[in-house]
Novice: 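Got a structure for you, written out below as structure tokens; questions coming shortly.
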Amino acid sequence: MCGIFGYIGKNSNASKEVLNGLRILEYRGYDSWGIATKTNKKFVIEKHVGKIDEAKTNSQFFDLLSTLSIGHTRWATHGGVTRENAHPHLDCSRTIALVHNGIVENYEEIKKQLVKRGHIFHSATDTEIIPHLIEEGMKTNGFATAVRDAFNQLEGMNAIVVAYAGSSEIIAAKTGSPLVIGKSKDALYIASDASSILPHTKNLLFLKDNTMAILGGKVEILSLPEGKKEKVKFETVSWEEETSTKGAFSHFMLKEIYEQPRIIRNIAKTYKDSVLDLAKTIKNAKGTFFIGAGTAAYAGIAGTYFFSKTAGKHVNMSFASEFTYLLDFLTSKSLIIALSQSGETIDVVEPLTQVKRKGGTIVALVNTQGSTIYRMSDKKLLLGAGIEQAVASTKAYTAKLSILLMIAYAMKHDVENASSQLMTTALEIERILKESKKLKPIVDILTRSEHIYVIGRGVSYSSALEAALKIKEITYIHAEGLAGGELKHGALALISKGTPCIVFAPNDETYQSIISNATEIKSRGGVIIGISPKKEAIFDHWIEVKDCQDAVSIAQIVPVQLLSYQIAVKKGFDPDKPRNLAKSVTVK
Ligand code: G6P
């Protein structure tokens with residue numbers, strides 16, 4: 001993860017250009033941030049721990065006259081969250097400034113050698129070795145060759161952006177992690193995503209892995225490791241710059257929860273042709289796999305139930321990070337459906353690279369146009385959820401479920417049925433949202449809890465996993481999602497007097513069995529919070545979610561999104577930017 005932004009151009013306030021870019025990129029990491037601005041053949045550095053808006057930005061720094069600056073928002077991998085570990089990092093002469101995304105797997109060996117040669121390090125990061133390695137190279141070579149040689153020595157998937165005080169160029173190189181170059185009339189930009197460049201230009205070049213770029217008077221692209229010149233091909237994208245403000249809401253997460261009915265209705269009305277087309281692709285494939293990470297993986301699990309029950313079709317699901325170890329099953333006829341909000345998650349990108357080598361077909365169900373997964377897929381369907389800012393995914397999750405349900409129904413040419421179920425679901429979510437204040441007594445109980453268990457069967461098993469994830473992500477309470485039948489095989493040992501347990505009991509084939517599981521918990525003193533259309537006597541607390549037929553998993557997650565949000569706020573946590581997490585995860 002980490003966000004990179006670089007500017008080189010005619011505007012003499014390069015630092016502010018970079019700061020504005022970093023604000024857009026902060027979803028990629030908000031442990032700390034920093035900027036290096038070149039002025040009078042030296043770098044002036046500004047670094048802070050914490051989020052950008054929490055820092056008292058040094059006005060002198062932002063008043064510097066400069067036309068070249070690079071910056072970074074950090075999500076810590078090597079080395080704690082400290083000012084010293086924040087990027088940019090410098091060499092001994094302080095004339096080479098560098099920002100980095102990725103992990104240098106062989107950094108310890110390189111560091112040892114550099115220490116022997118007298119280099120002094122100030123941070124605990126893997127990154128800091130890179131400017132020193134370039135410094136060594138520059139004893140015998142020019143800037144660009146030294147960057148190339150240094151980068152070629154790094155193992156792992158990395159992206160760097162580096163500037164030298166003695167040159168008016170910015171150089172970038174990558175073997176992983178996205179980098180996009182933007183060219184406007186007066187400037188060149190380089191960033192971790194297109195959205196941070198779109199306010200300036202739509203003329204973009206997505207840097208490929210194993211290439212480097214030299215940004216100066218013009219842009220040059222060279223292959224890695226050789227350094228052969230490659231064609232420089234900018235494309236003008238038609239994407240609109242998407243921005244999102246909180247509006248009247250106190251947090252993005254709450255706003256995004258409230259956007260769900262509108263998004264679901266839009267899918268119900270406008271996705272019919274696209275899902276019929278995808279259904280055809282699935283029918284023609286020999287072996288379909290859903291892959292995703294975090295919330296997207298849980299949407300994939302829900303998808304397997306939709307396909308089994310509605311379409312009578314077996315599909316496989318794998319956590320994307322595990323899929324790399326299951327690739328032996330793949331053939332050129334395999335179909336991989338990649339689920340991802342950001343379209344950048346490295347755990348998804350990595351196995352897809354291997355799928356491409358095997359010749360399988362990739363379908364992207366992503367929320368971000370132009371993202372890495374979007375670009376590497378053979379077919380793509382955007383989620384249409386609009387920009388999702390809060391780290392904990394809400395609307396992108398229900399959008400994925402809505403589309404997967406539509407595809408499952410499209411498999412049996414009954415897409416109208418799915419569409420009408422989604423319309424009912426959107427209405428029901430609106431009702432749940434209107435009654436959100438009623439959740440307060442449950443919020444009070446859960447806020448005091450150290451452990452929460454969530455159970456469901458069938459498609460509600462995926463709801464249980466996603467509900468527990470939402471609770472963990474933003475309230476920092478330990479929560480565990482389980483298949484109802486699994487409870488007695490272990491976790492029941494952890495239930496004692498007062499342990500809260502959320503039970504998804506929709507009006508489907510799982511009802512009787514999940515109520516039996518709830519009874520087992522209740523007999524051990526557990527407190528049952530039932531999410532169901534019916535008020536069972538066994539429930540200590542009841543959250544009503546009316547019958548939404550096969551779309552029930554879309555509606556019944558909403559009360560838990562609200563509960564998690566309200567608990568986080570009650571505990572004084574920032575639900576939009578939970579500790580240790582980032583919205584887009586581009587390191588392994
Ligand atoms: C991160 C986020 C999660 C998200 C997961 C997958 O861990 O914090 O909220 O579910 O990545 O992200 P994706 O963008 O691929 O859906």
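We number each residue from 1, following the sequence as shown. Here the structure is a predicted model, which is why all the values come from computation and not from measurement. Atoms within each ligand, like the ligands themselves, are counted from 1 in listed order.
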Novice: For Lys577, check side chain to side chain donor-acceptor pair (under 3.5 Å) against everything at least two apart and list the hits.
Specialist: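 Residues passing side chain to side chain donor-acceptor pair (under 3.5 Å) with Lys577: Glu26.
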
Novice: In terms of the angle between their ring planes, are His200 and Tyr189 parallel, tilted or perpendicular, with boundaries placed at 30° and 60°?
Specialist: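 It falls in the parallel class, under 30°.
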
Novice: Which atom pairs, nitrogen or oxygen on both sides, join ligand 1 and the protein at under 3.5 angstrom?
Specialist:
residue	atom	partner	partner atom	Å
ligand 1	8 (O)	Ala582	O	3.0
ligand 1	9 (O)	Val391	O	3.1
ligand 1	9 (O)	Glu473	OE2	3.3
ligand 1	10 (O)	Thr295	N	3.0
ligand 1	12 (O)	Thr345	OG1	3.4
ligand 1	14 (O)	Ser340	OG	3.4
ligand 1	14 (O)	Gln341	N	3.4
ligand 1	14 (O)	Ser342	N	2.7
ligand 1	14 (O)	Ser342	OG	2.6
ligand 1	15 (O)	Ser340	OG	2.6
ligand 1	15 (O)	Thr345	OG1	2.5
ligand 1	16 (O)	Gln341	N	2.7

Novice: Taking atom NZ of Lys395 and atom OH of Tyr258, what is their separation to the nearest 0.5 Å?
Specialist: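 So the gap between those two atoms works out to 15.0 Å.
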
Novice: Hey, does the Lys NZ or Arg CZ of Lys51 hover above the aromatic six-ring of Tyr30, less than 6.0 Å from the centre and inside 45° of the axis?
Specialist: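 Judged by the rule, Lys51 and Tyr30 form a cation-pi pair.
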
Novice: May I ask you to say whether Lys583 pairs ionically with Glu388, meaning some side-chain N is under 4.0 Å from a carboxylate O?
Specialist: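 Answer for the salt bridge query: yes.
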
Novice: Using the ring of each side chain (for Trp, its six-membered ring), is Tyr107 parallel, tilted or perpendicular to His78, with breaks at 30° and 60°?
Specialist: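 If you compare the ring of Tyr107 with that of His78, the planes turn out perpendicular.
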
